[in-house]
Amino acid sequence: MPYWFFMFHLLEKRIADAFAAKIGALYGVNAPVQTEQPKQAAFGEIAVPAAFQLARQLKKAPKAIATELSNGVGAIEGVAGIEIAGNGYMNVRLDRGFYGAALLSEREMRETCIEAEKIIVEHTNINPNKAAHIGHLRNAILGDTFVRMLRAIGRRVEVQNYIDNTGVQVADVVVAFEHLEKKSPTDVKGLIETTRFDYLCWDLYARMSGYYADHPEALEWRKATLHAIESGEGATSELAHLVSDAIVRAHLATMYRLNIEYDVLPRESEILHLKFWAQAFELLKERKAIYFETEGKNKGCWVMPASAFKESSDDQENVEDSKVIVRSNGTVTYVGKDIAYQLWKFGLLGKDFYYRKWHTYPDGREVWASTSEPQTGSPPFGRGARVYNVIDSRQSYLQDVVVAGLRALGFETQAEASVHFSYEMVALSPRTCIEMGIELSEEDKKKPYVEVSGRKGLGVKADDLIDKLIEKALDEVTSRHTEDPEPQRRRVATQIAIGALRYFMLKYTRNSVIAFDFAEALSFTGETGVYVQYAAVRASKILGKLTERGEALPDFRAELTQDAITRQLADERLWQALLTASKADAAIEQAVTSGEPSHVARYAFQLAQAFSTFYQDFPVVTETDKEKKTFLLWLTTYFRAQLEHTLGVLGIDVPEYM
RNA sequence: GCGCCCGUAGCUCAGCUGGAUAGAGCGACUGGCUUCGAACCAGUAGGCCGGGGGUUCGAGUCCCUCCGGGCGCACCA
């Protein structure tokens, strides 16, 4: 509902409706009319290809139909004219004065009506056993941007970051502390306070993986540790909580550097202790979604039949493909727990966590973490109407099984509303591996990219990359503003670095593999976040220059009549600039529909390009014609607002200067 | 073996439910700062959209097939 207020959308709909009505009246055909953007600006603003679709049904030349329609459709408010082009396109030209005047008065119409339905977006989900790396950054930035997109169009969103604090990965670091390092919980507490703990664990985890490879018998330690962690008691369990809590704090700090915040941290330990799984298990058995296998390789396990999650063309059921949910020793697999968690997200489990406040961000937002101790005064979480799981595409098989679980339980609606928001991995370019001193095999050298591996400690740490970006940005800022105090320069440099990083992770579509390359990520020219920020800063600079000259910003609504706007927009360059700038909300909405944050990034870049050409072509403050100057100033403020709005959706700040 | 993803300019990538002359950025080459700061702008060169079939008024986009690359397919998480 809210986006019909956006001018471009409104006109598109108006045109589509008018044509649909005419087609109904003339030919008795009832179908929605498509509109599209013409390839070239010279063709007008909105193209209607309806004549092509009709040509077949009516057995009539497209051009003849187009002629009849465009003559018959009559006057549409906001439309200046319709032309026939090619062999049947109807190109619509907007009434520029009408459009400009509408935009000028539109501003306070951007009210957000928040929907009652809650959307849950789960992202980040990093194993709390070591520092975050660039792959995790893609997940978090993608997830956070999608959240911002949803909120921008008025949706109510809850951000969850699932913490697997009882898994093998945490256990391995605990094993390393206890057996390799001989550390007590007190020792580790000391390390947490005095060292870069997430980095320390990064190395320790890699060491432990190596140790297992050389000493397979050490896997017994892992088994015992997992057991201890699961029980929730004793020094080993205490150590595990110390490690995972400290690492979670480190991850949240890293993500906060990127303007990423969360609402709630559901933790695996509570899923265990509050017996979420037991509840889900009963449901799955009761509704016959899983069965007890009595023969074959899965003998003694509770399994989900392959037919539930695989579409096989031939109906011969392959028992080998079934998915084990409960092992023969009675323990539950990862997918099983995930089904329980997914049920909870929709409020279908019949159980809930307790929550304690984990952290309050400087802006006042609170993050809550699950706990098994009864608490009062926490806000409600879960019970989403729609759930997006931001998880890389390698897990699509498991995600399919989880959704199949919902479906098998009879929760068809919720299965439909479960979205695996998948994306491809971030790998390393061979060049970057060499730069980092990583040794590559002959085979790897030939590959276009090399997969990162936490086990091997192979990868780029998120904070290292951010630091590197900030230092580079600081050099650039310093070269332009030598006289400014260091903290100020650093603040600006940080905003630039984050802008560059977020944009870099967002400009690729979700299913293209990013071969991470330092040279590309550190680039501040061309299609980058920095370019977009620069445009916004320049727009502000114009307005700053004006006040510096002792001039005030005109009252645009009073001074710019529709006639004045029509006169100014007769200049094709200004019209194109305004048109591009007016499409921000349409771009965001389309990106939400297609689930593709890169569309917003690309629009932001186009917007900045449009501003940069405008900036080059029209000196604003020195303009002598009063009406023109007023118009140029308005366009500048409009650009500035749209740039800031779009960058905000991307989670990128506009620096005070650059 | 089965499933998913990718193949578009030298490189990195866009291309919305099939639509007009396939677009950006980087790199290369030409120009433009006594400035609302050039982290910019204007321009040039560069394409059998992996190959082959098909569907139709129309295919980079849909279907089939082949080739090349990646990732999954655990009683790991």
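Just so it is clear: chains get the letters A, B, ... in the order the sequence lines come, proteins before strands, and each one is counted from 1.
- Here the side chain of A:I496 is nearest to one of B:A77, B:A39, B:U17, namely B:A39.
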Exercise. Going 5' to 3' along nucleotides 68-73 of chain B, which nucleotides have protein heavy atoms under 4.0 Å from the base (write B), which only from the sugar-phosphate (write S), and which from neither (write -)?
Worked result: --SSSS

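- Counting to the nearest Å, the C1' atom of B:C33 and the CZ atom of A:R538 are 11 Å from each other.
- One can place CZ of A:F504 at 12 Å from P of B:U12, the figure rounded to the nearest angstrom.
- Checked by distance alone, A:H599 brings no side-chain donor or acceptor within 3.5 Å of a matching partner on the base of B:G15.
- Judged by distance alone, the side chain of A:Y603 and the main-chain N or O of A:A584 form a donor-acceptor pair under 3.5 Å.
- For A:T613, taking side-chain heavy atoms from C-beta onward, the closest of the listed nucleotides B:A39, B:C36, B:A42 is B:A42.
- Of the candidates A:T494, A:V530, A:V537, A:V537 is the only one forming a side-chain contact (heavy atoms from CB on, under 4.5 Å) with A:P655.
- Nucleotide B:U55 forms a pair with no other nucleotide shown, judged by Watson-Crick or G-U wobble geometry with both contacts under 3.5 Å.
- Judged by closest nucleotide on RNA chain B, A:H481 is the one of A:Y531 and A:H481 placed further toward the 5' end.
- Counting non-hydrogen atoms under 4.0 angstrom, A:T525 reaches the backbone sugars and phosphates but no base.
- When Watson-Crick and G-U wobble pairs are counted only if both distances are under 3.5 Å, B:C16 pairs with no nucleotide at all.
- Base pairing of B:C73 is made with B:G1, judged by Watson-Crick or G-U wobble geometry with both donor-acceptor distances under 3.5 Å.
- The nearest whole Å value for the distance from the NZ atom in A:K541 to the P atom in B:C36 is 10 Å.
- Ring-plane geometry between A:W277 and A:F281 is classed as parallel, the angle between the planes falling under 30 degrees on a 0 to 90 degree scale with a further cut at 60.
- Note on A:E656 versus A:K541: no salt bridge recorded, every NZ/NE/NH1/NH2 to OD/OE distance being 4.0 Å or above.
- A donor-acceptor distance shorter than 3.5 angstrom exists from the side chain of A:S540 to the backbone of A:A536, with no hydrogens or angles considered.
- Base pairing analysis places B:A39 opposite nothing; no Watson-Crick or G-U wobble pair with both distances below 3.5 Å involves it.
- Atom-to-atom, CZ of A:R431 to P of B:G27 comes out at 12 Å; the value is rounded to the nearest Å.
- Nucleotide B:A28 forms a pair with B:U44, judged by Watson-Crick or G-U wobble geometry with both contacts under 3.5 Å.
- With respect to the salt-bridge test (charged N to carboxylate O, under 4.0 angstrom), the residues A:R138 and A:E424 do not qualify.
- To the nearest 0.5 Å, atoms NZ (A:K323) and CG (A:N298) are separated by 9.5 Å.
- The line from CZ of A:R502 to OG1 of A:T145 is 4.0 Å long, rounded to the nearest 0.5 Å.
- Spacing between atom OH of A:Y615 and atom C1' of B:A42 amounts to 16 Å, rounded to whole angstrom units.
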Please tabulate, one pair per line, each protein N/O and nucleotide N/O from nucleotides 20-24 of chain B that are separated by under 3.5 Å, including the distance.
unit_1, atom_1, unit_2, atom_2, d
B:A20, OP2, A:K39, NZ, 3.3
B:A20, N6, A:N91, OD1, 2.9
B:A20, N1, A:N91, OD1, 3.3
B:A20, N1, A:N91, ND2, 3.1
B:U21, N3, A:Q40, NE2, 3.3

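- When atom types are taken as modelled, the side chain of A:S429 and the backbone of A:F516 share a donor-acceptor pair closer than 3.5 angstrom.
- Pair assignment for B:G68 gives B:C6, based on Watson-Crick or G-U wobble hydrogen-bonding distances that are each under 3.5 Å.
- Distance, A:L522 CG to B:A39 C1': 14 Å, rounded to whole Å.
- A:E520 comes within 4.0 angstrom of the backbone, heavy atoms only, and of no base.
- Per the geometry, CD belonging to A:Q616 stands 4 Å off C1' belonging to B:C41, to the nearest Å.
- To the nearest 0.5 Å, atoms NE2 (A:H251) and CG (A:N161) are separated by 9.5 Å.
- With rounding to whole Å, A:Y534 atom OH is found 7 Å from B:C40 atom P.
- Between A:T622 and A:V326, the residue anchored nearer the 5' end of RNA chain B, judged by the nucleotide with its closest heavy atom, is A:T622.
- Annotation: the span from A:K628 atom NZ to A:T630 atom OG1 amounts to 12.5 Å, rounded to 0.5 Å.
- Minimum atom distance to the side chain of A:C301 is reached by B:C75, of the listed B:C57, B:C75, B:A39.
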